[in-house]
Amino acid sequence: MIDIKQLFPSFLHPMLRSVPTIRPPAMENTRTETFLITGGCGYFGHRLACSLHKKGANIILFDTVPSKQEVPEGVVFVQGDIREYAQVERAIAGVDCVYHIASYGMSGREQLDRHLIEAVNVQGTQNVLQACIELGVSRLVYTSTFNVVFGGQVIENGDESLPYLPLHLHPDHYSRTKSLAEMAVLKANGTALKDGSGVLRSCALRPAGIYGPGEQRHLPRIVGYIEKGIFKFVYGKPSSLVEFVHVDNLVSAHELAAEALTSEKQHRSAGQAYFISDGRPVNNFEFFRPLVEGLGYPFPKLRLPITLIYFVAFLTEMIHHLIGPFCNFQPLLTRTEVYKTGVTHYFSMAKAKAELSYEPQEYTLDEVVQWFRSRGHGKKSNSSFLTRLLLDILLVSAFVAVVLSFLPFVGS
């Protein structure tokens, strides 16, 4: 039997913040499967919950704050902090499968809060694993990241045989802690459950950057830069390729992974990791061209060297460390984001297709453009007022001409 304390290095002791313990509502005893989603009130968690709910499952959303989006009737929200074991334990009691997607520090200013990143990503995952083992939850799907193997080096069509990037080479604390958490999740696979009902089956999905209508982490930040006139240049080689995954493709992959943990599917995903994307490598900036132009803005023609942008990102991080404690300074880019967007790294979907029957559907940014436009985003044309004025003048002129045509002509 694996000691849960051995799944993480002993030197990791994040500071935990106490929050009130909340007992989730009792679930009815039915044959319907019950899924708990940590971080379930975020964009992806909400989308996954809606999909599972439509298929008749019972859903529990575990998060620190309620969802800002409309939650289907019957979906249960349990407020709690993943860093507090007692709250995690109470939320997990009685569920059939856990989707552990809660994390912190992916992008922007939050990448620089090392203590909170470690507490959520490492201690939080330890709490989820321990609760599953203690309470007899037999399935766990962990949402990991490409970054467990990527640290700024070129990767072309990589697969799951790639080794983890050595921890000291990770350029950011988020990627390092996600790597530690994934290792722990996969190591825990096969651990005997305390109630004697069997063993824990666990797997990990490594998604690319998520996009879709309503995405609230990356896309609003990009649109903000566009609207403020900051998006005036691109960087890196035009030939550099990265990947993205539409939220619905990622939902499908998670559902398939959970199903592949069952005995009916011979537990084929147990102990395994899978890269998940749309399977269409593309230049990062070209991917967003339809969004930029769809909102009525010109696409930048200036291309700068990635080394220059990396240096600027380094300077802004240093500024953050100096003045961050005193003011809300948001770095334009971090060094990690420069690597993620400007250095080629994409992966094969062969394993996910073969073992999960994952078949990504094709999507465009059309829905995303319409979502932003429906909320008032988009360049306001300076000529719109003049155009309306000219049309009004033409209509009035035409009306006057018609009226005058009925008047008798007076000759000299």
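- Checked options Phe299, Tyr225, Tyr297, Phe244; the residue passing with Phe288 is Phe244 (criterion: ring-ring contact (aromatic ring centres under 6.0 Å, His included)).
- Phe231 and Phe285 have parallel rings, their planes meeting at less than 30° on a 0 to 90° scale where 60° marks the start of perpendicular.
- Put simply, the side chain of Ser252 never gets that close to the backbone of Asp248: no donor and acceptor are under 3.5 Å apart.
- A perpendicular orientation is assigned to the rings of His246 and Tyr211, their planes being inclined by more than 60° (bins at 30° and 60°).
- Residues Thr341 and Asn284 bring no donor and acceptor atom of their side chains to less than 3.5 Å of each other.
- With hydrogens and angles disregarded, no donor-acceptor distance shorter than 3.5 Å links the side chain of His254 to the backbone of Thr143.
- Put simply, the side chain of Ser240 never gets that close to the backbone of Gly236: no donor and acceptor are under 3.5 Å apart.
- To the nearest 0.5 Å, the span separating CD on Glu215 from CD1 on Ile222 amounts to 8.0 Å.
- Electrostatic pairing of Arg289 and Glu286 counts as a salt bridge here, judged by a charged N lying under 4.0 Å from a carboxylate O.
- The backbone N or O of Leu241 sits less than 3.5 Å from a side-chain atom of Thr344, completing a donor-acceptor pair.
- Counting all heavy atoms, side chain and backbone alike, Leu48 lies closest to Tyr99 at CD2-CG, 3.7 Å.
- Taking the side chain as every heavy atom from C-beta outward, Cys203 and Leu261 approach each other to under 4.5 Å.
- When atom types are taken as modelled, the side chain of Arg373 and the backbone of Val368 share no donor-acceptor pair closer than 3.5 angstrom.
- The existence of a salt bridge linking Glu259 and Arg139 is excluded, since no basic side-chain nitrogen approaches an acidic carboxylate oxygen closer than 4.0 Å.
- To the nearest 0.5 Å, atoms CG (Asp172) and CE (Met106) are separated by 10.5 Å.
- Judged purely by distance below 3.5 Å, without hydrogens or angles, the side chains of Tyr164 and Glu182 pair a donor atom with an acceptor atom.
- Here Arg201 contributes atom CZ and Cys132 contributes atom SG; the two are 14.0 Å apart, rounded to the nearest 0.5 Å.
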Q. Which is it for Ser51 and Glu255 under the side-chain hydrogen bond (donor to acceptor under 3.5 Å, both in side chains) test, yes or no, and what are the steps along the way?
A. CA-CA 9 Å; Ser51 177; Glu255 292 177 347; 2.5 Å; yes
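- Taking all atoms of both residues into account, the shortest heavy-atom contact from Leu165 to Gln153 is CD1-NE2, 4.0 Å.
- Looking at heavy atoms from C-beta onward, Ile226 lies in side-chain contact with Val292 at the 4.5 angstrom threshold.
- Shown here for Thr32 and Gly56, the closest heavy-atom pair between the two residues is CG2-O, 2.7 Å.
- Look at Glu160 and Arg206 and you find no salt bridge, because none of the NZ, NE, NH1 or NH2 atoms lies under 4.0 Å from a carboxylate O.
- Residues Ala102 and Ile82 approach most closely at CB-CD1, 3.9 Å, considering heavy atoms.
- Using a 4.5 Å heavy-atom cutoff, the side chains of Gln79 and Gln87 are not in contact.
- Glu134 has a carboxylate O that lies under 4.0 Å from a charged side-chain N of Lys194, or vice versa, which qualifies the two as a salt bridge.
- Judged by distance alone, with hydrogens and angles left aside, the side-chain atoms of Asn283 form no donor-acceptor pair with the main-chain N or O of Val242 at under 3.5 Å.
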Q: Would you check, one step at a time, whether the test salt bridge (Lys or Arg N to Asp or Glu O under 4.0 Å) holds for Arg221 with Glu337?
A: CA-CA 13 Å; Arg221 188 174 170 209; Glu337 289 172 329; 2.6 Å; yes
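- Shortest non-hydrogen contact noted between Leu186 and Ala273 is CD1-CB, 4.2 Å.
- A donor-acceptor pair is defined here as one N or O able to donate and one able to accept, closer than 3.5 Å; no such pair exists between the side chain of Gln126 and the backbone of Gly124.
- Summarising the geometry, atom OG1 belonging to Thr64 is positioned 12.5 Å from atom CD belonging to Glu84; distances are rounded to the nearest 0.5 Å.
- Proximity of Tyr174 to Thr336: side-chain heavy atoms (C-beta onward) are nowhere separated by under 4.5 Å.
- Using the six-membered ring where Trp is involved, His345 and Phe347 have ring planes that are perpendicular, over 60° apart on the 30 and 60° scheme.
- Taking the six-membered ring for Trp and thresholds of 30 and 60 degrees, His100 and Tyr142 have ring planes inclined between 30 and 60 degrees apart.
- Heavy atoms from other residues, nucleotides or ligands lying under 6.0 Å from CZ of Phe311 number 12 at most.
- Within the model, atoms CG of Leu308 and CD1 of Ile306 stand 10.5 Å from one another, a figure rounded to the nearest 0.5 Å.
- Distance check: Thr262 OG1 to Arg268 CZ gives 8.5 Å after rounding to the nearest 0.5 Å.
- Residues His173 and Glu118 form a side-chain contact, since some pair of their non-hydrogen atoms from C-beta on lies under 4.5 Å apart.
- Between the side chain of Asn249 and the main chain of Asp278, no donor-acceptor pair closer than 3.5 Å is present.
- No side-chain donor-acceptor contact under 3.5 Å links Tyr346 to the backbone of Gly279.
- Residues Pro360 and Arg280 form no side-chain contact, since every pair of their non-hydrogen atoms from C-beta on lies 4.5 Å or further apart.
- In this structure the side chain of Asp63 never reaches within 4.5 angstrom of the side chain of Thr38, judged on heavy atoms.
- Figure legend: Lys351 and Tyr274 shown as a cation-pi pair, the cationic atom lying under 6.0 angstrom from the six-membered ring centre and within 45 degrees of its axis.
- Side-chain contact between Gln370 and Pro213 is absent, with no heavy atoms from C-beta onward closer than 4.5 Å.
- In terms of heavy-atom proximity, Ala188 sits nearest to Thr191 at O-OG1, 2.6 Å.
- Side-chain atoms of Gln216 and Lys68 form no donor-acceptor pair, as typed in the model, at a separation below 3.5 Å.
- Not a single donor-acceptor pair under 3.5 Å links the side chain of Ser138 to the backbone N or O of Leu200.
- Between Tyr339 and Tyr310, the ring planes are tilted. Angles from 30° to 60° get that label.
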